[in-house]
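Down below is the structure, laid out as structure tokens.
Owing to the predicted nature of the structure, the values given are computational and were not obtained by experimental measurement. Remember, it's 1-based here, ligands and their atoms both numbered in the order they're listed.
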Amino acid sequence: MSDTEQTAVESLSAEAAKIELERLAAAIAHHDTAYHQNDAPEVSDAEYDALRLRNSAIEARFPDLVRKDSPSQRVGAAAAEKFDKITHAVPMLSLSNAFNDEDVDEFCARIRRFLNLPDDELLAMTAEPKIDGLSASLRYENGRLVTGATRGDGQVGENVTENLKTIKDIPHRLAGSDWPDVVEIRGEVYMTHADFEALNTRQAAEGKQTYVNPRNTAAGSLRQLDPAMTAARPLKFFAYAWGEVSEEPWSTQMGAVEQMAAWGFVINPQMQRCESVAEMLSVYRGIEEQRASLGYDIDGVVYKVDRLDWQRRLGFVSRAPRWATAHKFPAEKATTVLRDIEIQVGRTGALTPVAKLDPVTVGGVVVSNATLHNEDEIERKDVRIGDTVIIQRAGDVIPQVLGHVPEKRPASAEAFVFPVYCPACGSHAVREHNPKTGKLDAVRRCTGGLICPAQAVERLKHFVSRNAFDIEGLGTKQIEAFHEEGMIQRPADIFTLRKRDERSLKKLKDREGYGETSARNLFDAVDDRRNVSLDRFIYALGMRHVGETTARLLARTYGTMEALNEALVAASDRESDAWADLVNIDGIGEVVAEALVDFFAEEHNQEVLRDLLAEVSPEPLEAVASESPVSGKTVVFTGSLEKMTRDEAKAMAERLGAKVAGSVSKKTDLVVAGPGAGSKLKKATDLGVEVTDEDGWFVLIGEG
Ligand code: IVH
């Protein structure tokens with residue numbers, strides 16, 4: 001189709017428009033197939049866009065002629081839907097952080113200790129920029145790109161295959177022929193500064209909304225429901241990691257990335273192999289110096305152990321590998337005026353002072369709130385309302401107020417008086433004495449407990465948060481609104497929403513911002529979560545000191561919510577076996593144990609739990625390796641180990657689904673005793689617990 005043959009839209013008769021719309025629908029459908037399914041586009045992106053534009057222009061003039069199969073309708077239909085979910089065959093992890101040279105030194109020292117490397121053994125590391133974009137995983141089967149997904153929560157991402165295919169740096173077929181049958185390539189999708197600015201200029205010229213920073217724009221662009229929209233926004237991709245691989249054709253990190261380049265991926269040219277901490281730090285300084293001229297945002301340098309056999313031995317803690325860390329660049333700072341201090345009440349009743357600021361851009365993001373931590377910090381920094389303050393923002397961390405600029409203090413500035421009553425419920429807010437240290441706690445807490453609406457709403461927000469129940473369409477804003485209107489007071493209320501809605505006159509679908517579809521979607525999303533995993537369930541309860549790691553530990557140790565509840569109720573008797581078992585879990589100290597026991601001893605918590613369990617069935621954690629001979633067993637390591645360090649032994653046992661305990665009891669299934677084992681070995685023999693040595697352990701787990 002050439003432009004010269006086209007009649008201008010304004011001059012089309014209805015008859016001609018009808019024929020033209022039919023022709024356009026067929027042509028666009030044809031090009032969609034050619035592009036997305038056959039990877040063989042026949043027209044340029046610009047020509048394709050022109051077809052869609054003409055289609056829309058004709059439809060705007062003749063709304064009665066819009067066809068059922070029109071491309072504009074297809075997009076409309078897709079817009080109501082969401083992306084499909086993809087479960088990552090290998091989870092997508094996050095990285096631990098290092099903030100200074102000492103942290104980097106300690107990172108390497110920890111690895112040496114874990115692997116028991118002699119001082120003169122070379123520990124090579126790769127160093128490369130940490131790209132400030134969003135990660136994606138690309139699955140190739142027989143060299144062909146079959147699916148592409150976002151990271152999501154690390155376990156489950158969104159299927160954005162068609163959008164990823166529009167990125168030129170992403171090959172649809174791997175180059176060469178020496179690839180494994182299945183290989184998942186991971187890396188970062190990002191937008192360059194130049195493309196970001198050009199896009200914003202275009203948006204502004206068209207009177208459309210402009211974007212805040214390249215990262216958010218890249219994320220928004222990748223999640224467009226219409227791949228043509230993604231295609232219109234220039235995204236790029238650096239490959240730096242991998243997921244499932246049917247057969248690993250590499251043995252070092254550097255080798256793997258070089259292989260990716262040979263398959264046609266773009267790899268970061270700054271990546272280097274380092275042979276000492278000094279070299280790592282010098283690469284860091286070098287990259288930091290070039291930061292402003294790279295043309296894309298980076299927020300640090302990632303170090304990775306080069307040898308993959310060592311990476312495997314090192315494994316993971318929680319969601320981050322032990323073999324990698326991100327050395328962050330120093331946080332960016334700015335000054336602005338402090339207009340007010342607001343007190344926020346958190347989930348555990350903590351009163352946090354929040355600085356209300358004149359909006360200021362820090363590191364590409366507009367900041368108008370920052371944390372002042374607690375009342376001692378306000379006093380220490382002598383920050384007063386009206387002051388010009390220095391604020392800092394580091395990565396994803398909440399911006400914080402560092403101090404004030406004395407020369408700019410107005411005469412009217414007065415010291416802030418920290419409230420001793422909770423602003424949400426009026427209960428006394430107190431600072432507890434730490435019974436162990438005798439010191440006054442830095443945090444003032446509301447004593448209102450359940451009657452405090454702020455605590456209740458924060459608990460609900462935590463309950464639905466990403467690593468807890470993660471209910472699509474039920475985020476912070478919705479929880480606040482539903483809570484305020486009394487629709488959701490306690491977690492169980494979320495799960496009775498649909499039932500109550502059916503009986504109610506005031507239906508969700510009639511609310512502002514909702515319709516039939518979005519109301520149904522919300523109810524479905526809630527139903528989707530009636531079977532969460534036990535560790536998420538425990539984490540969602542928001543108990544003090546129970547983060548994801550502890551939640552997982554409890555889930556793995558007790559297996560079911562009923563068993564956990566029973567054990568923790570029994571553990572309120574400090575003389576009981578239940579208490580001894582609890583504090584014996586490696587990773588649970590007394591403070592956590594006490595917080596747990598307190599939680600389960602409260603009748604109102606029991607009630608919340610009962611109501612919730614009537615609606616939700618937590619599923620036991622999938623045994624990490626169910627076929628493992630030690631899975632579900634309680635193991636104690638004692639004496640000195642020679643083939644592995646104690647940390648490594650523990651990590652290995654946990655990877656195989658075993659629980660590692662610190663002392664021997666009748667619940668112990670196996671004691672691995674090295675030379676010099678003393679009282680624990682004796683106790684095991686007395687109790688008739690199975691004992692083996694290090695070699696026996698390796699035989700048992702199939703590595704002997
Ligand atoms: S490696 C198992 N390398 O940082 C380790 N990550 O904080 C996998 N990121 O989700 C990550 N640049 O989105 C790695 N050169 C790089 C990176 C990088 C950016 C992001 C990635 C990841 C996040 C973790």
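In this structure, Ala320 does not count as a contact residue of ligand 1, since none of its heavy atoms falls inside 4.0 Å of the ligand. Note on ligand 1: Tyr303 sits outside its first shell, no heavy atom being nearer than 4.0 Å. Using a 4.0 angstrom heavy-atom cutoff, Met92 does not count as in contact with ligand 1. Residue contact annotation: Pro321 has a non-hydrogen atom under 4.0 Å from ligand 1.
Residue-to-ligand polar distances keep Ala241 apart from ligand 1: every N/O pair is separated by 3.5 Å or more. The shortest N/O to N/O separation between Val302 and ligand 1 does not fall below 3.5 Å. For Ser94, no nitrogen or oxygen atom sits less than 3.5 Å from a nitrogen or oxygen atom of ligand 1, counting backbone and side chain alike.
Within the structure, side chain to side chain donor-acceptor pair (under 3.5 Å) pairs that include any residue of residues 117-133 comprise Glu128-Lys304 (at least two apart or interchain).
In this structure, Phe463 and Phe469 have parallel ring planes: the angle between them is below the 30° cut-off, well short of the 60° mark.
For an aromatic pair to be called close, the ring centres must be under 6.0 Å apart, and Phe238 with Tyr190 satisfies this. For Trp697 and Phe637, the gap between ring centers is short of 6.0 Å. Less than 6.0 angstrom separates the ring centroid of Trp263 from the ring centroid of Trp250.
Heavy atoms of Ala326 found under 4.0 angstrom from ligand 1: none, in either backbone or side chain.
When hydrogens are left out, the protein atom nearest atom 8 (C) of ligand 1 is Leu93 O, 4.4 Å; that is the closest non-hydrogen contact. Of the protein's non-hydrogen atoms, the one nearest atom 3 (N) of ligand 1 is Lys304 NZ, 3.1 Å. Here the protein heavy atom with the shortest distance to atom 14 (C) of ligand 1 is Tyr240 CE1, 3.2 Å. Looking at atom 5 (C) of ligand 1, its nearest protein heavy atom turns out to be Leu95 CD2, 3.8 Å. For atom 19 (C) of ligand 1, the closest heavy atom belonging to the protein is Ile131 O, 3.1 Å.
A donor and an acceptor atom, one from each side chain of Ser533 and Asp535, are located under 3.5 Å apart.
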Q) Would Glu332 and Arg393 count as a salt bridge (Lys or Arg N to Asp or Glu O under 4.0 Å) if you check the C-alpha gap in whole Å, the side-chain angles of each, and the deciding distance to 0.1 Å? A) CA-CA 6 Å; Glu332 300 201 41; Arg393 181 186 156 265; 5.8 Å; no

Q: Apply the test side-chain contact (heavy atoms from CB on, under 4.5 Å) to residues Val283 and Tyr303: give CA-CA distance (whole Å), side-chain angles for both, the deciding distance (0.1 Å), then the verdict.
A: CA-CA 10 Å; Val283 172; Tyr303 306 121; 5.9 Å; no

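For Arg312 against Arg655, the heavy-atom pair with the smallest separation is O-NH1, 3.9 Å. Here the shortest heavy-atom pairing between Ser628 and Leu656 reads OG-O, 2.8 Å.
Across Met271, Gln311, Arg186, Glu188, heavy-atom proximity to atom 13 (O) of ligand 1 is greatest for Glu188. The option from Gln253, Lys130, Glu128 that lies nearest to atom 23 (C) of ligand 1, judged by heavy atoms, is Lys130.
Heavy-atom proximity to Trp323, at under 4.0 Å, picks out these atoms of ligand 1: 2 (C). Near Arg151, meaning under 4.0 Å from one of its heavy atoms, ligand 1 places the atoms 10 (O).
Side-chain contact between Ile588 and Leu554: present, with at least one pair of heavy atoms (C-beta onward) separated by less than 4.5 Å.
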